[in-house]
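For reference, the structure is listed below as structure tokens.
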Amino acid sequence: DGVLKLSYNNKFIKNFNNKLNLTQKFLDNEVGKHLMAYVSKDSGNQEGSIAEANTYGKGYVIINVPYAEYQAYSKKIKKRVGKRGTQPFERMKADKNSEILRAVQNYSRRLNG
């Protein structure tokens, strides 16, 4: 008796996905920007590799130096200088979580008008 026709607007889906991708890039950029202050800075290679090695928008941030994992997760390395030291991502996330989320929310609101 009753017929339900369901259709979706392709333009809406494309626009939604585009805004979602832009928001992901913004989030990755914010994480990378804050993470630079937490990685080891003896030579500056880890900090520099974050900006150079990343294509923001993929949902992760890379520290592209061979020893980064060892320095980040080694139980042998205990030394910390200010914010810099072992487990940089976890410490950055604990310190900057609300700030990053607030920035992403504001960006998303501006993007979606």
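Position 1 is the first residue of the sequence, and the numbers go up from there.
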Around atom NZ of Lys25, are there more than 12 heavy atoms from other residues, nucleotides or ligands closer than 6.0 Å?
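Atom NZ in Lys25 is not crowded, with 12 or fewer foreign heavy atoms closer than 6.0 Å.
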
In this structure, are over 12 heavy atoms from other groups packed under 6.0 Å from Lys58 atom NZ?
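No.
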
So Val31 and Met92, do their side chains get closer than 4.5 Å, heavy atoms only?
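The answer is yes; the side chains approach within 4.5 Å.
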
Student check: side-chain heavy atoms of Leu27 and Tyr107 closer than 4.5 Å:
no

How many angstroms lie between [atom1] in [X] and [atom2] in [Y], if you round to the nearest 0.5 Å?
X      : Y      : atom1 : atom2 : answer
Arg102 : Asn97  : CZ    : CG    : 10.0 Å
Gln105 : Thr23  : CD    : OG1   : 11.5 Å
Phe26  : Leu111 : CZ    : CG    : 10.5 Å

Exam field: side chain Asn112 to backbone Ser108, donor-acceptor pair closer than 3.5 Å
yes

Asn18 side chain vs Lys14 backbone, donor-acceptor pair below 3.5 Å:
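Here the side-chain-to-backbone pair does not exist.
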
Here the pair of heavy atoms bringing Asn29 nearest to Tyr56 is OD1-CE1, 3.5 Å

State, to 0.1 Å, how close Ala103 and Glu30 come at their nearest heavy-atom pair, and which atoms those are.
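It is CB-OE1, 3.9 Å.
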
Going only through I, L, V, M, F, W and Y residues with side-chain contacts under 4.5 Å, is there a path from Leu22 to Ile100?
yes

Honestly curious: do Val61 and Leu101 fall in one hydrophobic cluster under the side-chain, below-4.5 Å linking rule?
no

Quick test of your reading of the model: are Lys96 and Glu99 salt-bridged, counting only N-O distances below 4.0 Å?
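Judged by the 4.0 Å cut-off on N to carboxylate O distance, Lys96 and Glu99 do form a salt bridge.
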
